[in-house]
Each structure stands twice: as C-alpha cells, then as structure tokens.
Asks: 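Could you have a look at this structure, given as structure tokens, before my questions?
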Amino acid sequence: MIDVKFIRENPDAVRASQKGRGEDASIVDQVIASDELRRVAIEKFEKLRAEQNVLSKSVGAAKGDEKIALLENAKKLATAVKEADSKRTEAEEHTKALVMQLSNILDPGAPIGAEADFKVLEHVGTPRKFDFEPKDHVELGKLLGAIDTERGAKVAGSRSYYLTGSGALLEFALVNYAISMAVKAGFVPVIPPVLVNPAAMEGTGFLGQAAENVYRIEKDDVYLVGTSEVPLAAMHMDEILPGDKLPMRYAGYSSCFRREAGTYGKDTRGIIRVHQFDKVEMFSFCHPDQAKEEHARILQWEKEFLNAMEIPYRVIDVASGDLGSSANRKFDCEAWIPTQDAYREVTSTSNCTEFQARRLNIRYKDAEGTKAVATLNGTLVAIPRMIVAILENHQNADGTVNIPKALQPFLGKERFELV
RNA sequence: GGAGGGCUCGCAUAGCGGCCGAGUGCACCGGUCUUGAAAACCGGCAAACGAAAGUUUCGUGGGUUCAAAUCCCACGCCCUCCGCCA
C-alpha cells in the first residue's frame, strides 16, 4: 500500500510508475478525488462527535426539565453523528480500496518493459562443455534413485514427485548448508506455520492478482502459503519494532504450495515447476533508508550460495511489467540448465520498501518517530530447482553426479552413485 | 468434539453506564542524594491522525443508550478439565 499522503503530494511519480508497469494510471486521480471527500467526511464527523461529547457530559449533570430539553437535542445530534460516521467509514473504505489497487512505486533503476525486457546484470561461471550428451534431471533422477515423478503423479497428481534416497539426502544437505550459512550471516532461523489466516495472506499481497495460485482450505478459512515470505512478514504484523534492532533478519525453512494455475503445458516434465516444494527464504525488516543496500546484500548471499554449488548462472534485473505488485525492484538469479540450453530462475529477491509493511501495519520507532519499515525477501535455496541445477551441471557420462565441495561434509561423500 | 474461565497502556492488576483514555505495582527514562552503585525520594512514561483544537483505540465486529472498558449478540484468541490423537 502506498502512503496516501505521498500520492497526494507526488501524483505524477505514482502515475509514471503505474504506466511503467503497464498498469492503470487513472487510479491516481480517483484516489486523490476520493481522499479529498474522505478528509471532508472525517472533519465533519469529528466536529459533530466533539459536540456530542460535550453535550453528553452536560446531560449527566443536568436535572429535571433542563435534562429533558438537553436529551431532546442530544437525540437529534446522535442521529447526525451516526450518519456522519457511516459516511466517513464509507469514504475511508472507498479510498483504501482504490489505494490498494496501486502497485508499489518502481525503483527508477528498474528496467521498463514486459517480461522479456529484463536486463542481464552479470554472468558468473561458464556453462560447461560436455564431451557426451548430457541427460536431463528426470533421467538422472531415475538413474540415481533420487526423483520419482511417476509415483508422484500416481499418488498426488501432476506436478508431484517423490525425492528418494540421494534426492532426499540432497535436500537435507542443501537445507543444512543454507541454514548454517544464514545463521553465520546473522539470520534468525525460523520454521514458520505454512497454514495461515486471511489477514496474513492479504497483508502480504497474495490475495490480489496472485490469488488463483493459492491453495485455500475453505472449511477452516486458512491458506497454504506459497512461500515462507508470508508467515515471516506477518510475524510482526501490527507491531512496532525497536529502531535500533533493525535490520531484523529471518531465514525461514518451509514447504511451499502453489496451484500453478494457468501454467498448463509449461515445464510439465520433471520438477522445475511443482505444486509443493521446500525452500529456505531470507526475510529482512529494515530501515527504509537502508533498503537498497539490504537488497544488494541479500542478492550477494544468493550469489554466494550458487557459487558454493559451483553452478554457472546469470543475474537479471527484472523488468517493470514482470514485478510483483509489492516489489519496487527484483533481481533473479538464473542457473544454467544444460539440457534446456537456457538459464532458468532459481532464486529471486524483491525490495518491497514500505509497501508490504504498510498493509501489515509493521512500523519501527526511533528518535524521529514511528514509521513503516521496509521489507525485503530473497530465496536462499528452492530445493527442486537447485536439485535440477546440481544434477544436470555436475553429471558424469555414466549418469553419476559429483557433489559440490560445500555439500560434501553434509553428505559424507563426493559423488552420487547409480542405484 | 464436550464443559468451564479469561482477554484493560512493556508485564501484573483495579475499574460503580457519565467524575475513565483509564487507578495501582513492577519495569523503563530523567533528576536529587552518593566517590560510584544500590536503596530512598521527586518527576515522566500507551498508540494513531492532526499545525492546533480535537478525534479514534480497553481482543474483533455489530447492537442498546443522549452517553459503553462497563449492558446485549456474534466471532477470534488464550487458559483449565474431559474425550480423541502424532
């Protein structure tokens, strides 16, 4: 949610941002008009209410005829107050509904355009030249007894899978490595709830355009989260954080659930795009003035993880039209996937500035006062995609797979063997 | 699933429908005293919007009333007991 005051004072900036995203800029003028009415309604209500408060007090003190006369007036006033109150509520709701439609203000650095208009920031590592025909992760997963998509489909439907043997062990190793790295960097490790209430889901912005990708348990009115960003962000919902404790960093490990509606036919093979997976996510509550630096730091940790996995990748600056509504800028790390001859997204970090915190009512307090914090998130490791990258990039001609050095201590060996 | 109890300013508690945005204790901040600290004493101390006046907030939402922390209804959460259970 953008600050209404900011919209009022910088309408052009908001319009430009909306346009940059390819979204409706006319909402800005609707907000301004609605906000004007809202402020008038508030003023009117408050005046009447003040009058009523005074009158009510005098009723208590009065006696006899005087009291009867006062009561007469008070009754009339009460009706007027009630009416002004409902008008005010209506105006407030109307304004809020409009403001909620606006996406976060773009970072001026974000490339403008549609999905394909991203900017490549850098390449790290070189895609390996194979002197044999590389196998894809599905085949390797079978040879290693690591991934079973057929039984996954039998038991849970399409986009489901079993990680077995080496696959399961690899997940544990990845998670352990990620968490130990995060703890070293000062993150508080967290195992959050994955079943959350509507307020958490709504506050983090996942019930908007993204709603169709969210699993909902109707009977109990709870949602399955698509990322631990949701419970991590909502953790401090309605709280005022001590300013001197910022940044507050959490590393959440959780299962993630995604309906993947509207992706029929996309990545149907293997475990690139699945309904359920585990992920270690970084989340930071920080001072708004430091959000940009924090964003760079989170990206740096993502890169360090990929470096440790010895996987070639590139970093892209995601284009305005492809940003989530909460993000003002987003960097994706894309790993090289040999059998697809392409870079594919494995991690992603967004700077949500104060946008998300305002919706969740998360503030910080320091000598300057109480203001909304900035929130940022970034993937440290999303298991299935990392498994794909590791298997495909580190495979040998016979189908065995070399284990990156960083993971070897967690697995007690250097290679995954055939079963 | 069944039966009870509770939800008030960081914590613990008080609170008669108007004198309650709200008392007390602890914690915290500032001061006096002290070589320093403790103790004692004095003062301050919930949040939001607003330039201010003022308005809003006693779990949430609704209702009764001129007036609600206080009465009524619904929901949420917490606790205790019983049942079931990883």
Side-chain angles (χ1 to χ4, degrees), chain A residues 1-9 31-32 34-100 191-203 207 216-224 231 234-246 248 254-255 285 288 354-373:
Chain A
M1 189 163 83
I2 305 178
D3 188 5
V4 184
K5 206 191 276 178
F6 181 88
I7 302 172
R8 205 188 298 146
E9 287 163 9
V31 168
I32 290 169
S34 176
D35 176 54
E36 190 59 42
L37 295 174
R38 174 186 140 259
R39 284 188 295 156
V40 170
I42 288 175
E43 201 178 319
K44 190 171 174 195
F45 162 77
E46 288 189 355
K47 228 177 219 160
L48 281 168
R49 173 67 98 188
E51 229 176 284
Q52 186 189 32
N53 285 343
V54 171
L55 189 56
S56 276
K57 271 191 185 146
S58 65
V59 169
K63 280 191 221 91
D65 285 351
E66 194 191 348
K67 185 162 189 166
I68 290 165
L70 282 174
L71 271 178
E72 192 86 3
N73 277 335
K75 255 178 213 171
K76 270 185 219 148
L77 196 50
T79 319
V81 168
K82 211 166 245 179
E83 199 186 308
D85 191 19
S86 65
K87 277 214 176 109
R88 177 198 59 143
T89 308
E90 198 183 313
E92 279 176 346
E93 277 166 3
H94 187 245
T95 306
K96 187 169 182 193
L98 283 169
V99 174
M100 292 287 262
I191 296 181
V194 293
L195 222 38
V196 302
N197 63 26
M201 215 64 190
E202 173 81 58
L207 291 187
R216 177 168 181 219
I217 316 288
E218 206 160 328
K219 198 171 174 198
D220 298 290
D221 200 19
V222 288
Y223 297 87
L224 280 164
M235 196 165 147
H236 290 299
M237 179 161 64
D238 296 322
E239 290 182 29
I240 296 172
L241 309 174
D244 58 358
K245 288 277 161 50
L246 300 178
M248 290 167 69
S254 84
S255 291
F285 297 90
E354 298 105 300
F355 189 86
Q356 195 174 49
R358 223 171 262 125
R359 298 176 68 128
L360 288 164
N361 190 28
I362 306 173
R363 292 162 293 174
Y364 71 96
K365 186 180 192 166
D366 64 9
E368 314 260 287
T370 309
K371 284 178 287 221
V373 292

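All values below were derived from every heavy atom in this structure, side-chain atoms included, with hydrogens, water molecules and symmetry-related copies excluded. Labels below follow one simple rule: chain letters A, B, ... track the order of the sequence lines, proteins then strands, and each chain is numbered from 1. Computed from a prediction, not measured in an experiment: that's the story for all the values here.
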Asks: Identify whether any heavy atom of N197(A) sits under 4.0 Å from a base atom; if not, whether one sits that close to sugar-phosphate; answer base, sugar-phosphate or nothing.
Replies: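 Answer is nothing: N197(A) stays at 4.0 Å or more from every strand.
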
Asks: Take atom P in G17(B) and the same atom in C28(B), then report the distance between them in whole Å.
Replies: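 Rounded to whole Å, the distance is 37 Å.
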
Asks: List for me each residue that meets salt bridge (Lys or Arg N to Asp or Glu O under 4.0 Å) alongside E36(A), sequence neighbours excluded, and say none if there are none.
Replies: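 Once residues adjacent in sequence are excluded, the partners of E36(A) under the salt bridge (Lys or Arg N to Asp or Glu O under 4.0 Å) criterion are R39(A).
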
Asks: Does any nucleotide pair with U13(B) by Watson-Crick or G-U wobble geometry, both distances under 3.5 Å, and what is it?
Replies: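 Pairing partner, where one exists within any strand: G23(B).
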
Asks: Taking atom CD1 of I217(A) as the centre, does the number of heavy atoms from other residues, nucleotides or ligands within less than 6.0 Å exceed 12?
Replies: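 Counting neighbours around CD1 of I217(A), more than 12 heavy atoms of other residues, nucleotides or ligands fall under 6.0 Å, so yes.
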
Asks: In whole angstrom, give me the gap between the P atoms of U13(B) and U8(B).
Replies: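 Looking at atom P only, U13(B) and U8(B) are 9 Å apart.
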
Asks: Please report the distance separating the C1' of U64(B) from the corresponding atom of A74(B), rounded so that it comes out in whole Å.
Replies: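 Here U64(B) and A74(B) have their C1' atoms 15 Å from each other.
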
Asks: Would you call E354(A)-K371(A) a salt bridge at under 4.0 Å N-O?
Replies: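 Salt bridge flag = no for K371(A) with E354(A).
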
Asks: Between C72(B) and U65(B), how far is it from one P atom to the other, in whole Å?
Replies: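 Per the computed distance, 16 Å lies between those P atoms.
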
Asks: At 4.0 Å (heavy atoms only), tell me whether R88(A) reaches a base, stays on the sugar-phosphate, or touches nothing.
Replies: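 Answer is nothing: R88(A) stays at 4.0 Å or more from every strand.
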
Asks: Under a 3.5 Å cut-off for both contacts, is C81(B) paired Watson-Crick or G-U wobble with anything, and if yes, with which nucleotide?
Replies: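 WC or wobble partner is G2(B).
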
Asks: If you find the nucleotide of RNA chain B closest to K82(A) and the one closest to Q52(A), which residue's nucleotide is nearer the 5' end?
Replies: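 First, find each residue's nearest nucleotide; the 5'-ward one identifies K82(A).
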
Asks: Which two nucleotides bound the region of RNA chain B that has atoms under 4.0 Å from heavy atoms of chain A, read 5' to 3'?
Replies: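 In short, chain A contacts RNA chain B from G18(B) to A67(B).
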
Asks: Give me the distance, rounded to whole Å, that separates U56(B) from A3(B) when you measure between the C1' atoms they each carry.
Replies: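 About 39 Å, rounded to a whole number of Å.
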
Asks: For a quick check of understanding: with a heavy-atom distance under 4.0 Å over all strands, which category does K365(A) fall into, base, sugar-phosphate or nothing?
Replies: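 Sugar-phosphate, backbone atoms only, no base.
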
Asks: Is atom CD of E239(A) surrounded by more than 12 heavy atoms (other residues, nucleotides or ligands) closer than 6.0 Å?
Replies: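 Result for CD/E239(A): enclosed.
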
Asks: Using atom C1' of each nucleotide, how far apart are G21(B) and A67(B) to the nearest Å?
Replies: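 Their C1' atoms lie roughly 16 Å apart.
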
Asks: Just by distance, do the side chain of D220(A) and the backbone of V222(A) share a donor-acceptor pair under 3.5 Å?
Replies: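 Between the backbone of V222(A) and the side chain of D220(A) there is no qualifying donor-acceptor contact (under 3.5 Å).
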
Asks: Please report the distance separating the P of G25(B) from the corresponding atom of G18(B), rounded so that it comes out in whole Å.
Replies: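 Per the computed distance, 24 Å lies between those P atoms.
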
Asks: With both distances kept under 3.5 Å, what pairs with A38(B), Watson-Crick or G-U wobble?
Replies: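 Matched A38(B) with nothing under the 3.5 Å cut-off.
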
Asks: Scan side-chain atoms only and decide if R49(A) and Q52(A) contain a donor-acceptor pair under the 3.5 Å cut-off.
Replies: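 Side-chain D/A pair, R49(A) to Q52(A): present.
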
Asks: Between D85(A) and R88(A), is there a side-chain N and carboxylate O pair less than 4.0 Å apart?
Replies: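 Yes, D85(A) and R88(A) are salt-bridged.
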
Asks: Quick one: look up who A67(B) pairs with, Watson-Crick or G-U, both distances under 3.5 Å, and put none if it's unpaired.
Replies: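 By the stated definition (distances under 3.5 Å), nothing pairs with A67(B).
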
Asks: For D221(A), what residues pass the salt bridge (Lys or Arg N to Asp or Glu O under 4.0 Å) criterion, not counting sequence neighbours?
Replies: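 D221(A): salt bridge (Lys or Arg N to Asp or Glu O under 4.0 Å) contacts with R216(A).
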
Asks: Expressed as a whole number of Å, how far does the P atom of G76(B) sit from that of G44(B)?
Replies: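 One P to the other, the span is 43 Å.
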
Asks: Map L55(A) and R38(A) onto RNA chain B by nearest heavy atom, then report which one ends up closer to the 5' terminus.
Replies: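 On the 5' side of the pair lies R38(A).
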
Asks: Is A46(B) paired to anything, Watson-Crick or G-U wobble with both distances less than 3.5 Å, and if yes, which nucleotide?
Replies: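 By the stated definition (distances under 3.5 Å), U57(B) pairs with A46(B).
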
